[in-house]
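We number each residue from 1, following the sequence as shown. Please read all numbers here as calculations on a predicted model, not as lab measurements. Scope of the values below: all heavy atoms of this structure, side chains included, with no hydrogens, waters or symmetry mates.
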Amino acid sequence: MADPIRVLVTGAAGQIAYSLLYSIAKGDVFGKDQPIILVLLDISPMLPVLDGVVMELQDCALPLLREVIPTDKVEVGFKDLDAAILVGSMPRKEGMERKDLLKANVAIFKTQGAALEKYAKKTVRVLVVGNPANTNCLIASKSAPSIPKENFSCLTRLDHNRARSQVAMRCGVPADAVKNVIIWGNHSSTQYPDVHHAMVNVHGKEVEAYDAVKDDSWLKGDFISTVQLRGAAVIKARKLSSAMSAAKAICDHMRDWWFGTLDGEFMSMGVYAGGNSYGIPEDLIYSFPVHIKNKSWNIHDGLPINDFSRSKMDATAAELVEERDTALSFLSQ
């Protein structure tokens with residue numbers, strides 16, 4: 001058996017974590033032979049709830065789960081980490097402007113970035129889930145200057161999975177018959193779900209998504225808005241956010257980061273834009289198609305981009321630049 005790895009989940013008393021922790025502890029993410037030490041961080045008022053979560057994890061009697069550490073202290077939470085999944089953030093409340101949300105989250109992710117810098121391994125892989133995820137991820141990275149920028153990412157896999165599923169349902173095929181959809185940009189309603197490079201396996205033959213779907217107006221219209229607004233639709237229906245699908249996407253993202261992507265396939269990840277070939281401003285966390293090997297991602301370069309895609313990619317980049325500049329003004333205060 002390998003030595004245990006230390007995995008932190010923040011916002012650990014919340015609903016996404018409740019759907020996520022069992023999968024991690026069972027071995028669905030880091031491997032069926034990888035022992036885990038789970039570190040659960042939340043704010044002090046949530047510690048009694050966290051105690052209940054710990055009891056449940058113990059009661060699952062999972063052979064890979066060596067220890068569960070509930071805490072409200074960053075020096076405990078961020079110590080010697082191999083992986084950090086930063087779920088907790090300040091949610092947007094009614095009447096709250098986006099800049100107020102950004103200000104509150106800059107304070108949280110500046111603190112967490114500084115804690116990563118001080119206590120975590122320099123090889124730690126960091127996934128930011130809490131919204132606004134791209135900009136929160138950028139702030140955390142800037143607050144941990146000795147950890148490589150490439151070790152930080154934000155979650156757009158949920159949007160990727162949503163896009164894949166929409167195309168699959170439209171074509172009457174399983175979700176795994178659809179590959180190489182792309183989410184470009186921000187995890188917000190400006191994101192661009194792109195299927196110009198996607199392939200669909202129909203009756204054993206791979207065909208381009210546009211040819212498989214045979215409905216260009218849907219692919220350029222309702223498909224995009226459905227994926228962009230899916231989170232709000234779930235909240236409207238459930239009266240709660242999309243916790244189960246978010247947890248599944250976190251597992252997918254981290255498992256691919258750990259074990260790599262399949263040959264010929266790319267996945268969507270919010271990553272540092274430096275050196276990209278798509279003309280996206282560099283000092284952003286932006287969702288690109290990536291390949292992963294040996295725990296390192298590379299942006300899939302050289303895809304032809306048509307005018308329709310270009311305008312969508314630039315619009316979501318512009319939103320991220322504005323978010324970044326607002327957040328950095330708070331960071332320097």
Side-chain angles (χ1 to χ4, degrees), residues 3-93 104-105 108-109 111-112 115-116 119-121 124-131 133 136 140 154-155 157-158 231 234-235 238-255 257-258:
D3 291 333
I5 58 169
R6 288 177 78 94
V7 179
L8 166 69
V9 176
T10 72
Q15 334 179 61
I16 291 176
Y18 192 74
S19 290
L20 171 67
L21 292 168
Y22 174 70
S23 292
I24 295 175
K26 187 160 71 79
D28 291 349
V29 180
F30 299 103
K32 299 293 186 185
D33 57 355
Q34 177 58 67
I36 300 271
I37 296 169
L38 264 181
V39 189
L40 310 182
L41 180 70
D42 215 315
I43 55 175
S44 304
M46 298 308 291
L47 285 178
V49 178
L50 219 46
D51 286 341
V53 175
V54 172
M55 284 186 243
E56 283 212 78
L57 283 166
Q58 292 166 342
D59 294 349
C60 288
L62 296 162
L64 292 173
L65 187 58
R66 295 303 155 83
E67 192 178 354
V68 186
I69 302 168
T71 186
D72 58 354
K73 295 177 172 58
V74 293
E75 62 271 22
V76 176
F78 287 85
K79 183 176 168 53
D80 295 336
L81 292 180
D82 295 284
I85 302 169
L86 307 183
V87 179
S89 65
M90 167 73 79
R92 191 168 187 167
K93 299 194 171 87
N105 280 298
I108 293 168
F109 285 87
T111 300
Q112 295 191 347
L116 285 162
Y119 301 112
K121 293 177 180 175
V124 65
R125 297 302 194 273
V126 182
L127 170 57
V128 176
V129 179
N131 287 319
N136 288 344
C154 82
L155 188 73
R157 184 60 171 270
L158 176 52
V234 171
I235 289 172
R238 268 191 91 221
K239 311 296 183 264
L240 291 165
S241 68
S242 42
M244 177 173 34
S245 52
K248 163 66 164 53
I250 292 165
C251 292
D252 291 346
H253 178 116
M254 292 305 288
R255 186 175 55 250
W257 207 353
W258 233 248

Nearest heavy-atom approach of Met90 to Ala104 is CG-CB, 3.8 Å
Between Gly130 and Phe109 the two heavy atoms that sit nearest each other are O-CZ, 4.5 Å
### Task
Return yes when atom NZ of Lys121 has more than 12 non-hydrogen atoms of other residues, nucleotides or ligands closer than 6.0 Å, and no otherwise.
yes
Interatomic distance, CD1@Ile37 vs CG@Leu8, rounded to 0.5 Å, equals 12.5 Å
d(Arg125 CZ, Met254 CE) to nearest 0.5 Å is 9.0 Å
dist Leu127:CG -> Leu86:CG (nearest 0.5 Å) comes out at 7.5 Å
side-chain hydrogen bond (donor to acceptor under 3.5 Å, both in side chains) pairs touching residues 23-47, sequence neighbours excluded, are Lys26-Asp28, Asp28-Lys32, Ser44-Asp72
Leu50 and Ala13 have their tightest heavy-atom pair at CD1-N, 3.6 Å
Is any side-chain heavy atom of Val29 less than 4.5 Å from a side-chain heavy atom of Ile36?
-> no
Closer than 3.5 angstrom, by distance alone: can the side chain of Arg238 be matched with the main-chain N or O of Ser241 as a donor-acceptor pair?
yes
Looking only at heavy atoms, the pair that brings Val9 and Ala17 closest together is CG1-CB, 4.0 Å
In terms of heavy-atom contacts, Ala84 and Leu116 come closest through CB-CD2, 4.2 Å
Atom OH of Tyr119: over 12 foreign heavy atoms under 6.0 Å:
yes
pair Asp3-Pro35: side-chain heavy atoms closer than 4.5 Å: no
Would you mind reporting whether Glu56 and Tyr22 have side-chain heavy atoms less than 4.5 Å apart?
no
**Asked** Looking at side-chain heavy atoms only, is the closest gap between Phe78 and Val39 below 4.5 Å?
**Response** no
Residues at least two apart in sequence or cross-chain that pass side-chain hydrogen bond (donor to acceptor under 3.5 Å, both in side chains) with Gln58, listed by chain then number, are none
Tightest non-hydrogen contact, residues Ala133 and Cys154, listed as O-CB, 3.7 Å
Rounding to 0.5 Å, atoms CG (Asn131) and CG (Leu155) come to a distance of 9.0 Å
**Message:** With side chain to side chain contact (heavy atoms under 4.5 Å, CB included) as the criterion, how do Val128 and Gln112 come out once you've worked through the C-alpha distance, each side chain's angles and the decisive distance to 0.1 Å?
**Reply:** CA-CA 11 Å; Val128 176; Gln112 295 191 347; over 6 Å; no
field: Stepwise side chain to side chain contact (heavy atoms under 4.5 Å, CB included) check, Leu21 with Val68
entry: CA-CA 11 Å; Leu21 292 168; Val68 186; over 6 Å; no
Here the gap from Lys248 atom NZ to Leu20 atom CG, rounded to the nearest 0.5 Å, amounts to 12.5 Å
(message) Are the side chains of Val53 and Leu40 in contact, using a 4.5 Å heavy-atom criterion?
(response) yes
Taken to the nearest 0.5 Å, the spacing of Thr10 OG1 from Ile16 CD1 works out to 10.0 Å
